[in-house]
Novice: 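Mind having a look at this structure? Questions to follow.
Letters A, B, ... mirror the listed sequences (proteins, then strands); counts begin at 1.
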Amino acid sequence: MSLALLQSALLLPAEALVKRCLALDPLSATRLAPFEGRTLEIHCTRPELRLFISVRNSTLHLSPVHGGVADSRLSGNADKLLALLRRGSQPHSLHGSGVTLEGSTTLVAGLRDALLRMDVDWGYHLSRLIGDLPSAALERAAEASAAALTRGRQRLHEDVVDYLATERHLVLQRHEAQPFHDRLHALQLRLDRLQARLELLENRD
Amino acid sequence: MNDSNPQQNQTTHFGYRQVPVTEKASLVGGVFHSVARKYDLMNDVVSLGTHRLIKRFTVELSAVRPGHQVLDLAGGTGDFSLLFAPLVGPSGGVVLADINESMVRVGRDRIIDAGSPGNIAFSLANAEALPFADQSFDCLCIAYGLRNVTDKDAALRSMYRTCKVGGRVLILEFSTPRSPLLGKAYDLYSRLWPLAGKAVLNDAASYRYLVESIRMHPDQETLKGMVLAAGFQRCECIDIMGGICAIHVGYRDQD
């Protein structure tokens, strides 16, 4: 149980960050309101870890333990859960993902929706901390970087698709390779037979 | 005269000392009157801040929901009440109860200073004879308080009486480390507490009592037996930090 206590300590800053972000989004409380008092359990089977996400007072509470029964439970190994997180899949597309969902799908969808649609006016909050001019410059730089990153990713994706499409045409297809393989096999058989006859003739002498 | 009151002939432990049963409450009261003012600071010092984490962890085991009634017994300076209050919401309630007036005063002031959520009530109450109706609370919590109670069995029975069916009691208390090595290290560390008490509060005696009372407190299995003997149908024991502390969760599943 000391591990759970350590997890609890590690979750504190994460929870503080989530709460802070949710507090900066004026619509998060409305999105979370229908799930007040409900709990989602995320059970990582390998390594064995549990995380409970509860909706309390219109914000999220993270904990490694929960005294009651969770309303929903997502379970799978760390790889599968992380893949799900990266993919941002909807709960109805969990089939074949290696993650199982028990209980309310509405809660999972609602929490995902609240987190993904979080719309925080970072510029405004940053300007209150460091002033209007630096925050505007930072905001522009961040937007430019994000746009460049998005363009870069898109271009990389297109390049990879083009490359694979071109290479695909150059590579011998299975239906083209099969007759060649068959002829090669027949030749191999004839050679074997020829070899056998030669050995037979040599032995007769 | 003494024969007419058998309690006066009985003794109990106050730290390592044996004292008459009737005197223990006032002696413990003296300790907490002395430390009330800087109780939280000293908790931070001796636990190296981990008590906050342990309290939060304990509350997670409570399964308290909006509308629930919670008794924070031996509630002291109100740490648990402040954690429970947002969970029960405006439709529920928390009662901070303590036998020591100084602790209740400090707790009440602290809760008001923290912007009282309005659902916390205060009660000067003896855990052995709780002044509440039967089955009043969904959850009862006593943290670092049971070892100071003179008659622990009576306190547990009283908690059982006031616990609703389906409710639970949480007992957070110092306990016995499972590993002898950890026990030795903890023993050495706890010898520093009176020195810390002397430095911060100019009161070494109170923290000497704290160390002694921890040593005299029943171990995990004994306390589990006591919880079950009080009437709770199930009891789980959760070791914290290798058994330095333990949380006993007693469930009242039926009448």
Side-chain angles (χ1 to χ4, degrees), chain A residues 1-20 22-23 28-30 32-44 48-73 103-104 106-107 110-111, chain B residues 47-68 70 82-92 117 119 138-141 166-170 172 175 177-179 182 186 220 234 236-251:
Chain A
M1 199 44 74
S2 297
L3 179 66
L5 201 66
L6 185 67
Q7 285 173 33
S8 192
L10 294 174
L11 283 174
L12 275 177
E15 183 187 299
L17 181 69
V18 170
K19 280 184 173 168
R20 182 88 183 139
L22 289 172
S28 69
T30 318
L32 290 173
F35 310 108
E36 188 64 37
R38 299 176 77 182
T39 300
L40 165 69
E41 177 185 353
I42 297 176
H43 178 206
C44 178
E48 179 70 27
L49 289 171
R50 281 173 202 276
L51 169 68
F52 293 88
I53 304 174
S54 306
V55 184
R56 291 180 194 161
N57 303 310
S58 303
T59 190
L60 296 180
H61 185 85
L62 312 182
S63 169
V65 289
H66 180 61
V69 178
D71 300 279
S72 303
R73 183 179 183 205
S104 162
T106 325
L107 175 62
L111 288 181
Chain B
S47 74
L48 306 175
T50 53
H51 75 103
R52 293 172 191 277
L53 211 55
I54 295 170
K55 284 172 180 171
R56 185 185 142 98
F57 187 82
T58 308
V59 169
E60 295 301 337
L61 296 170
S62 69
V64 163
R65 296 195 303 273
H68 275 183
V70 177
L82 283 169
L83 289 171
F84 279 124
L87 299 184
V88 299
S91 57
N119 56 358
D138 299 280
C139 176
L140 295 95
C141 176
R168 63 182 70 182
V169 63
L170 299 166
L172 169 61
S175 203
R178 301 280 186 185
S179 148
L182 178 65
Y186 174 57
Q220 288 91 329
R234 287 182 293 135
E236 289 171 11
C237 174
I238 299 155
D239 282 339
I240 303 283
M241 297 194 292
I244 289 175
C245 293
I247 303 169
H248 285 76
V249 189
Y251 299 89

Novice: Counting only heavy atoms closer than 4.5 Å, note whether B:Ile54 contacts chain A via side chain, backbone, both or neither.
Specialist: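 Both parts, backbone and side chain.
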Novice: Taking atom CZ of B:Arg65 as the centre, report whether more than 12 heavy atoms of other residues, nucleotides or ligands fall under 6.0 Å from it.
Specialist: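 Atom CZ in B:Arg65 is not packed in, count stays at 12 or less.
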Novice: Which residues in residues 52-63 of chain A have a heavy atom less than 4.5 Å from any heavy atom of chain B?
Specialist: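 Expected list: A:Arg56, A:Asn57, A:His61, A:Leu62, A:Ser63.
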Novice: Please enumerate all residues that pass side chain to side chain donor-acceptor pair (under 3.5 Å) together with B:Arg52, with sequence neighbours excluded.
Specialist: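 Partners of B:Arg52 by the side chain to side chain donor-acceptor pair (under 3.5 Å) criterion, ordered by chain and then number, come out as B:Asp44.
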Novice: Identify the two heavy atoms, one from A:Leu5 and one from B:Leu53, that lie closest to each other, and give their separation to 0.1 Å.
Specialist: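 For A:Leu5 and B:Leu53, the tightest heavy-atom pair comes out as O-CD2, 3.6 Å.
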Novice: Which pairs of donor and acceptor atoms, one on a side chain in residues 64-72 of chain A, lie under 3.5 Å apart (sequence neighbours left out)?
Specialist:
residue	atom	partner	partner atom	Å
A:Asp71	OD2	A:Thr39	N	2.7
A:Ser72	OG	A:Ser104	N	3.3
A:Ser72	OG	A:Ser104	O	2.5

Novice: Looking at residues at least two apart in the chain, or sitting in another chain, which of them share a side chain to side chain donor-acceptor pair (under 3.5 Å) with B:Tyr251?
Specialist: B:Glu236
Novice: Hey, which of B:Pro86, B:Gly89, B:Pro66, B:Ser62 has the most heavy atom pairs under 4.5 Å with chain A?
Specialist: B:Pro86
